[in-house]
Amino acid sequence: MTDDTLAKILQANARGPLAGRDAMREKEYGIWQTVTWAEYADEVRRFALGLAKIGFRRGDKLAVIGDNRRRLYFAQIAAQSLGGISLAVYQDSIAQELGYVLEHAETRFIVAENEEQVDKLFEIRERLGNVEKVIYDDPRGLELVDDPWLACFPDVQAMGDELGREDPEYFERELAAGKGADTAMFCYTSGTTGAPKGAMLTNDNLLSSVEESRIAEDWRTGDELIAYLPMAWVGDSWLSVAAAICFGLTINCPEDRETMRRDFREIGVNVMVAPPAYWEGMLTRVQVLMDEADWLKRGLFRTFMNIAVRVERMRQSGAAVPSGLAALNTMGEWLVRRPLRDLLGMTRVRRAYTGGAPLGPDTFDFIRAMGLNLKQLYGMTETSSACVYQPDGEASSETVGRPLPSTEIRISDSGEIQLRGPQMFHAYFKNEQATADTIDDEGWLATGDAGFVDDRGHLRVIDRAKDVSHLNDGTMFAPQFLENKLKFSPYIKEAVTLGKDRDYVTAIVNIDLEAMENWAERRGVAYTGYQDLSQRDEVYDLIHGEVDRINRELAVDSTLAGARIRRFLILNKELDADDGEITRTRKIRRGVIAERYGTLIEALYGGGDRVETDITVTYEDGSTGSIHADLRVMDADGATQADLRAAAD
């Protein structure tokens, strides 16, 4: 039997040298529970047989919903072992979002983590006519529910044991019937411009992507990773399922997001993959920690981190680092950076990656200056995750790296990046028009990103092609570039910049509540909540200073000087995926922002200093409410409230 599917490779692992090695751990009640590769394969086999016993057949779809849990991973491979298709759904989706994906995918079976997810499914049960069985992992709160629609995971495995006794060869027959060309999983896109689309990824797509990455990177059997990314994100499907099985990686599922930092320290991860929001959050935590430290630690941190960032930028540019500066940087490694990495649980991290969206160059340089080998990746759901990597020694904040050997890149006449290779998906499920719009007859995939290939053969991504535009005076306007600069501030969690076909650039800003609470406490600023804090004069002054810093940086670049931010306001609520303002992977839905906040946008360009609006919000249970807002609008180039108070005194 040729090992041409993920399910076959898993079973081969259980028969080979990996059999007794750790495959997966899950933390429960503070204790790590370990599963070997042999046990992993057996759990999958038993559950696959259980699915077959209750009616699962080749081509059926099985969805998993929840946080990273080993049984949810088992379920995906079990479905694939029978020739079925797995899909994961974002665990924080509201019921109506779940309904769309589950209904569109024609899902017949669902594995849900716990009572919270089961309750969502009951809420939309009438929409889920295809769903025959909901199988839950955690029984707490569901023990007394008597409904034939539900079953618990161990009971399904017990039914699998029964089928295994009745037909001992059933599993092996179904496993052998699988082929590399079979669709293994649906990965739904984040839906920045509309409804999510189900990218159909075959075993061949995934295995090609994994094997090619072996050429590009130093993967080692037994590498430790933490599985904390949403299971619905293609990056987790690639890493925690495909790469883990092919490379023999050990995947660790934390008990709770609150224990993540301690879990990192306990496990000592070797490889990390995280979206920009994670690295931005790490930067904020570090800056908050240093703000709370005594004057000596703050001074050492600022001095040696400034040196480290300077050295990092020199290395990226290929410049020689003077010996004296290198000596100071080595001193900073022992005094500041190594203790900081230990505090963050990252002393054993050999490689770290960022992908899914652009990471601001300032944040990228800072994280690398901390001593983490952070590198950028480029890919998308339709490319089975990353297909462009930065080689060791060639990491840069300005590029995303070189394509994998089998990946071709070309730039269209309009400047759009196009890709071709064996890891490209073959279609969107039930969406022929979108498929035709995305992949041409020659197999070229239109990414929707604007960019170019530089002299070194590295790909540079400018922005989303549709988002790159110009101000009325012809100045180029790339919103993500400006937004990433704003988010380098520890006090700004999210930002939306505006300027297309306008006379100047403006910004809508979200404050970072954790950082701002620490800031307010140290300065004795009283507030009642997010809405109140966001509109305080002192906060506007602080954000004004951050915007002014960015404007000074832009002013020295003749190309970008015209894109300085002239006016801004602070939104009195966080941009929220439940409100459709951002995707579950925290990408901005610009069309939704333009529609929901049209009044605020016009106020930014209207010249006034206040605007009243009613903002609709969605709560966790799917219900909606309204918040009346009287928001301030500040001129970024004007005087701050502190300046005005000083003048009055």
Side-chain angles (χ1 to χ4, degrees), residues 6 9 13 18 21-27 32 34-35 37 40 68 70 73 206-207 209-231 233-254 257 260-279 281-282 337-338 340-356 359 363-364 367-368 370-379 384-395 400-402 404 423:
L6 290 170
I9 296 172
N13 288 350
L18 289 176
R21 298 189 63 166
D22 294 351
M24 191 173 291
R25 301 188 192 95
E26 182 176 323
K27 200 173 192 182
W32 290 102
T34 302
V35 173
W37 284 103
Y40 186 171
N68 309 78
R70 58 186 179 186
Y73 289 117
L206 292 162
L207 292 177
S209 176
V210 169
E211 288 306 313
E212 291 262 305
S213 76
R214 192 194 298 269
I215 300 171
E217 294 295 339
D218 174 30
W219 293 102
R220 303 177 188 175
T221 300
D223 272 347
E224 300 277 358
L225 297 93
I226 295 280
Y228 68 97
L229 300 169
M231 294 184 69
W233 186 46
V234 69
D236 185 72
S237 296
W238 186 94
L239 186 65
S240 300
V241 180
I245 289 173
C246 292
F247 297 147
L249 311 177
T250 304
I251 302 300
N252 298 274
C253 302
R257 292 191 177 275
M260 279 278 293
R261 298 180 196 177
R262 184 168 65 252
D263 295 342
F264 266 99
R265 289 175 60 89
E266 290 177 358
I267 294 299
V269 296
N270 305 118
V271 181
M272 286 185 61
V273 179
Y278 179 87
W279 303 111
M282 177 189 289
R337 300 197 304 279
R338 182 180 290 269
L340 184 58
R341 292 198 303 275
D342 181 60
L343 181 66
L344 296 170
M346 296 182 178
T347 54
R348 295 182 61 205
V349 174
R350 194 170 69 254
R351 297 193 319 279
Y353 300 102
T354 180
L359 179 65
T363 304
F364 180 83
I367 299 297
R368 281 193 60 83
M370 281 173 51
L372 286 177
N373 183 23
L374 178 65
K375 302 192 289 184
Q376 305 210 60
L377 301 171
Y378 179 74
S384 309
S385 194
C387 58
V388 179
Y389 286 73
Q390 289 184 334
D392 281 333
E394 297 184 29
V400 292
R402 301 177 185 272
L404 293 173
Q423 52 296 64

Okay, side chain of [X], backbone of [Y]: is any donor-acceptor separation there less than 3.5 Å?
| X | Y | result |
| --- | --- | --- |
| N270 | E224 | yes |
| T221 | G248 | no |
| Q390 | Q376 | yes |
| E26 | R70 | yes |
| R351 | V271 | no |
| W279 | F364 | no |
| R214 | W219 | no |

Atom CZ of R21 with >12 non-hydrogen neighbours under 6.0 angstrom | no

Should we count CZ of R261 as having more than 12 external heavy atoms under 6.0 Å?
-> no

Starting at OH of Y389, measure out to CD1 of I215 and round the result to the nearest 0.5 Å.
-> 11.0 Å

Mind checking the CZ-CD1 spacing from F264 to I226? Nearest 0.5 Å is all I need.
-> 5.5 Å

Heavy-atom distance under 4.5 Å between the side chains of M346 and M272, does that happen here?
-> yes

Sub-4.5 Å side-chain heavy-atom contact between R348 and V269 = no

Would you say the side-chain atoms of [X] and [Y] include a donor-acceptor pair closer than 3.5 Å?
| X | Y | answer |
| --- | --- | --- |
| Y353 | E217 | yes |
| S209 | W238 | yes |
| N373 | R350 | no |

For N68, what residues pass the side-chain contact (heavy atoms from CB on, under 4.5 Å) criterion, not counting sequence neighbours?
-> Y73, A227, M231, D236, C253

Specify the closest pair of heavy atoms between I9 and C246, including all atoms of both residues, with the distance to one decimal.
-> CD1-SG, 4.0 Å

The side chain to side chain donor-acceptor pair (under 3.5 Å) partners of Y228 (sequence neighbours excluded) come to none

